[in-house]
> 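Provided herewith is a single structure, encoded as C-alpha cells, for subsequent inquiry.
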Amino acid sequence: MAKTIRSFILPFLLIVAGVIFQLSAVTSAIGINYGTLGNLQPPQQVVDFIKTKTTFDSVKIYDANPDILRAFAGSEINITIMVPNGNIPAMVNVANARQWVAANVLPFQQQIKFKYVCVGNEILASNDNNLISNLVPAMQSLNEALKASNLTYIKVTTPHAFTISYNRNTPSESRFTNDQKDIFTKILEFHRQAKSPFMINAYTFFTMDTNNVNYAIFGPSNAITDTNTQQTYTNMFDAVMDATYSAMKALGYGDVDIAVGETGWPTACDASWCSPQNAENYNLNIIKRAQVIGTPLMPNRHIDIFIFALFNEDGKPGPTRERNWGIFKPDFSPMYDVGVLKGGGSPLPFPPINNNGKWCVGKPEATLMQLQANIDWVCSHGIDCTPISPGGICFDNNNMTTRSSFIMNAYYQSKGCVDVVCDFSGTGIVTSTNPSTSTCPIPIGEGGGGNGAKSKSANWCMAKQEATETQLQANIDWVCSQGIDCKPISPGGICFDNNNMKTRSTFIMNAYYESKGYSKDACDFRGSGIVTTTNPSTSTCVVPASVTL
C-alpha cells in the first residue's frame with residue numbers, strides 16, 4: 001500500500017488491482033486484500049472465516065503462499081496471487097515464467113478459481129530501473145506461460161502506484177506525467193493485447209482536500225461539475241476513476257478495462273479524519289458502489305473493487321495509519337459493520353423446481369435497512385443486479401420495496417423456488433400476489449403447478465464421442481475456473497480414474513450442467529457436450545444423475 005501523502009494539484013498516487021473477466025461484461029464484485037504482516041490466525045482459520053462468515057467473493061494475496069492456497073482449495077472464491085518484486089527480472093525468461101506457473105498455479109488450478117496473477121506491486125513507484133525495465137517483458141512471459149498451460153482465463157496485470165496530474169475540478173483533464181507516458185503506453189498496450197485490466201489502487205485518502213473530507217468519504221458535500229464535460233461528481237472516488245480513464249484515453253487506450261486493487265480508509269492515524277466512523281462510511285459506500293454500473297465518463301462499465309484490508313496488520317512499519325486499515329481485528333471481531341458478515345443465510349444447493357405463480361418478496365414489516373442488507377447479500381452471490389442499478393428497468397426511482405422484491409425473487413428462483421431460500425433471516429416471504437409494478441415486471445417461476453411436482457427423469461451431460469482430448473481438457477479448465485469443485489477429478493480423487501479424459505470431463509461437465517439447473521444450453525460446451533439418458537458412470541466414478549421435470 002502506498003505511503004506518500006499527495007497534494008492538491010501535484011501528481012498523486014493511485015494503486016490498481018484487477019478483476020477476473022472483462023469488466024464491461026460482468027457484474028461488479030467486491031473483494032478483499034488479505035495481508036499477513038501481523039500477529040494473525042493461521043491461514044486455514046482465516047480462510048474458513050472468509051468462506052463461512054463473509055460475503056467476499058474475491059481475495060487478493062501478496063504472494064503465492066501455498067498454505068493459503070491450500071486453504072482456499074475447493075472454495076468458490078476468486079483468488080489473485082502475486083509474483084514478488086524481486087522475481088521480476090527472472091520472469092523475463094519464458095522458461096522461468098513457465099516454471100513459476102508450474103510451481104504456484106498448476107498444483108491448485110483445478111481446485112482454485114484463479115483470477116489474476118499480479119506481476120509485482122507498485123513497481124513504478126520503486127524507482128528501481130532494473131525492475132521497471134523488466135516489468136512489461138515479465139508480464140508478457142507470464143502471459144505466454146499461462147497460455148501454454150491452457151490457463152488463458154487467468155489474467156496478468158500489475159498494481160500501480162503511479163503519478164498522474166490530477167485536476168480536482170476537471171477530472172477529464174487528468175494526464176499521465178510526461179516522464180512516464182512511454183512506460184504506461186507499453187503497459188496499456190500489453191493489457192489491450194492480453195485483455196486484462198489496468199490495475200489502480202484508488203485511495204481518495206491520499207488525494208483529498210483536507211478541508212473537504214466528506215467528498216472523499218461519500219459524505220454530504222458540494223458536488224463538483226467538470227467544466228469540460230459538464231459531468232457532475234458527488235464523490236471523489238468516481239472522480240478518481242474518471243481521471244484514470246481520461247489519462248488512459250489521452251494515450252489512446254480508453255478501451256482498456258480498469259479495476260481497483262486497493263482502496264479503503266484507516267481507522268487511526270495522526271489526523272482527526274482517521275476514525276472507525278469515517279472508515280465505515282467509506283467502505284460501506286464502496287461496497288454499494290461495486291454494484292453500480294459505471295461512472296460519469298464510463299457509464300456502461302462495471303468496476304470490480306478490492307478493499308484494503310481484511311485485517312489490521314500490527315507488523316507493518318511506518319506511520320500509525322499503515323497498521324490500521326482492517327475491517328476486522330486479527331481475532332475476527334469487526335472494527336465496524338459494513339454488512340459483509342453473512343446474515344441472509346448461505347447459498348443452498350437445491351434442485352430447481354419452478355413453482356408457477358409464486359414470488360419471494362420482503363415482508364411488509366421489514367425495515368429499509370434489512371431490505372438493503374438483503375440486496376447487498378444477494379448481489380454478492382452471483383445474481384445479476386444490473387436491473388436494480390441506476391438506469392436499470394427496476395431501479396424504479398430507487399424504490400426500496402421494488403428493488404428488494406426483484407432481487408430477492410431472482411435469488412429465490414436461482415435456487416429452485418424452494419420456500420426456505422426466501423427466509424432472509426425472517427425478512428422474506430413467499431407470496432402468490434404479483435409484486436410487479438408498471439415499470440418493473442418481476443418474473444414468476446415457469447412450469448409446474450401447485451407444488452411444482454411433475455414426473456421426473458434422470459439425465460446426464462457428457463462429452464460427445466467425437467470430442468477431442470484438447471476440447472475436453474479445455475472444458476475441464478473452464479468449468480474448474482467457474483467455481484465447480486474439481487477435487488473428485490484431481491489426482492487421488494474418486495473420478496481421476498487413471499486420468500481417463502472422457503471420465504474426468506464427463507464428471508465435471510455434468511457438475512456444471514447440474515449447477516446451472518440442467519439447462520440444455522449449459523451442456524453445449526461449443527458443440528462438444530450432449531445430454532443423455534444413458535448413465536455414463538464407471539465402476540470407480542459415479543456421475544450423479546440430474547433429475548429434471
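The basis for the numbers below is simple: all heavy atoms, side chains too, and nothing from hydrogens, waters or symmetry mates.
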> So, Arg321 side chain and Pro266 main chain: donor-acceptor pair closer than 3.5 Å or not?
no
> Looking at CD1 of Ile77 and CZ of Phe56, how far apart are the two atoms once the value is rounded to the nearest 0.5 Å?
10.0 Å
> Mind checking what makes side-chain contact (heavy atoms from CB on, under 4.5 Å) contact with Pro220, not counting sequence neighbours?
Asn214
> List in chain and number order the residues that pass side-chain contact (heavy atoms from CB on, under 4.5 Å) with Ala410, two or more places apart in sequence or in another chain; answer none if no residue qualifies.
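side-chain contact (heavy atoms from CB on, under 4.5 Å) list for Ala410, sorted by chain: Ile383.
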> When you look at Arg289 and Asp238, which way does the salt bridge (Lys or Arg N to Asp or Glu O under 4.0 Å) test go after all the steps?
CA-CA 9 Å; Arg289 187 65 187 79; Asp238 281 0; 2.8 Å; yes
> Do side-chain atoms of Arg323 reach the backbone of Lys316 as a donor and acceptor pair under 3.5 angstrom?
yes
> Just by distance, do the side chain of Glu313 and the backbone of Leu37 share a donor-acceptor pair under 3.5 Å?
yes
> With rounding to the nearest 0.5 Å, note down the distance linking CG in Asp63 to CG in Asn121.
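Here the interatomic distance stands at 11.0 Å.
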> Pairs in or reaching into residues 260-294: which pass disulfide (SG to SG under 2.5 Å), with residues at least two apart or in two chains?
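Only Cys269-Cys274 qualify under disulfide (SG to SG under 2.5 Å).
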> According to salt bridge (charged side-chain N to carboxylate O under 4.0 Å, His left out), who are the partners of Asp226, at least two apart in sequence or on a separate chain?
none
> Show your reasoning for whether side chain to side chain contact (heavy atoms under 4.5 Å, CB included) applies to Asn33 and Trp325.
CA-CA 10 Å; Asn33 284 277; Trp325 293 81; over 6 Å; no
> So do the side chains of Ser404 and Asn374 get within less than 4.5 Å of each other, counting heavy atoms only?
no
> Is a donor from one side chain sitting under 3.5 angstrom from an acceptor on the other, for Lys115 and Ser58?
yes
> What's the shortest heavy-atom distance between Asn222 and Tyr215, and which atoms?
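Looking at all heavy atoms of both residues, the shortest contact is O-CD1, 4.3 Å.
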> Give a yes or no on whether the backbone of Val340 and the side-chain of Trp377 come within a donor-acceptor separation of less than 3.5 Å.
no
> Considering the options Thr431, Val361, Leu371, which one meets the side-chain contact (heavy atoms from CB on, under 4.5 Å) requirement together with Ser405?
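So, applying the side-chain contact (heavy atoms from CB on, under 4.5 Å) to Ser405 and each of Thr431, Val361, Leu371, only Val361 qualifies.
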> Between Phe311 and Tyr34, what is the ring plane arrangement, given parallel below 30°, perpendicular above 60°, and tilted in between?
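Perpendicular, since the angle between the ring planes exceeds 60°.
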> Is the closest side-chain heavy-atom distance between Thr36 and Val46 below 4.5 Å?
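No, their side chains stay 4.5 Å or more apart.
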> In the structure I gave you, are the side-chain heavy atoms of Gln231 and Thr225 within less than 4.5 Å of one another anywhere?
no
> Could you check if a side-chain atom of Ile286 sits within less than 4.5 angstrom of a side-chain atom of Phe237, using non-hydrogen atoms only?
yes
> Please give me the minimum heavy-atom distance between Lys51 and Ser75, naming the atom from each residue.
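Looking at all heavy atoms of both residues, the shortest contact is CD-CB, 3.3 Å.
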> Answer with yes or no whether the side chains of Gln44 and Asp48 bring together a donor and an acceptor at under 3.5 Å.
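Note: Asp48 and Gln44 side chains meet the donor-acceptor criterion.
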> Grab the two heavy atoms, one from Lys363 and one from Gly428, that are nearest each other, plus how far apart they are.
CE-O, 3.5 Å
> So that I can tick it off, tell me whether Glu262 and Lys60 are bridged by a salt bridge, with the cut-off set at under 4.0 angstrom between side-chain N and carboxylate O.
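Salt bridge present between Lys60 and Glu262.
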> Any non-hydrogen side-chain atom of Ile388 less than 4.5 Å from a side-chain atom of Cys385?
yes
> Working to the nearest 0.5 angstrom, can you tell me the gap between Tyr153 OH and Lys155 NZ?
11.5 Å
> Are more than 12 heavy atoms from other residues, nucleotides or ligands located less than 6.0 Å from atom CD of Glu76?
no
> Do you know which two heavy atoms are closest between Pro330 and Gln41, and how far apart they sit?
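Taking every non-hydrogen atom into account, O-CG, 3.4 Å.
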> With distance as the sole test, does Asp57 use its side chain to make a donor-acceptor pair with the main-chain N or O of Asn78 at under 3.5 Å?
no
> Can you name the side-chain contact (heavy atoms from CB on, under 4.5 Å) partners of Asn281, sequence neighbours left out?
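If we apply the side-chain contact (heavy atoms from CB on, under 4.5 Å) test to Asn281, skipping adjacent residues, the hits are Ile217, Phe218, Asn285.
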> What pairs with Pro66 under side-chain contact (heavy atoms from CB on, under 4.5 Å), at least two apart in sequence or on another chain?
Arg70, Phe108
> Taking only residues two or more places apart in sequence or in another chain, which ones pass side chain to side chain donor-acceptor pair (under 3.5 Å) with Glu280?
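Counting only residues at least two positions away or on another chain, Glu280 forms no side chain to side chain donor-acceptor pair (under 3.5 Å).
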> If you take all heavy atoms of Thr157 and Pro197, which pair is closest and at what distance?
OG1-O, 2.8 Å
> For Asp242, check salt bridge (charged side-chain N to carboxylate O under 4.0 Å, His left out) against everything at least two apart and list the hits.
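Per chain and number, Asp242 pairs via salt bridge (charged side-chain N to carboxylate O under 4.0 Å, His left out) with no residue.
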> Residues in side chain to side chain donor-acceptor pair (under 3.5 Å) with Asp331, at least two apart?
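If we apply the side chain to side chain donor-acceptor pair (under 3.5 Å) test to Asp331, skipping adjacent residues, the hits are Ser333.
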> Can you name the closest pair of heavy atoms from Ile484 and Ser515 and give their distance?
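For Ile484 versus Ser515, the nearest heavy atoms are CD1-OG, 3.7 Å.
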> Go through the structure and list residues passing side chain to side chain donor-acceptor pair (under 3.5 Å) with Thr263, not counting sequence neighbours.
Tyr282
> Phe328: what forms a ring pair (Phe, Tyr, Trp, His ring centres under 6.0 Å) with it, not counting sequence neighbours?
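For Phe328 the ring pair (Phe, Tyr, Trp, His ring centres under 6.0 Å) partners, ignoring immediate neighbours, are Phe49.
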> Does Lys288 pair with Asp376 as a salt bridge, N-O distance under 4.0 Å?
no
> Only counting residues at least two apart or in another chain, list the ones meeting side chain to side chain donor-acceptor pair (under 3.5 Å) with Tyr512.
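Tyr512 satisfies side chain to side chain donor-acceptor pair (under 3.5 Å) with no residue once adjacent residues are dropped.
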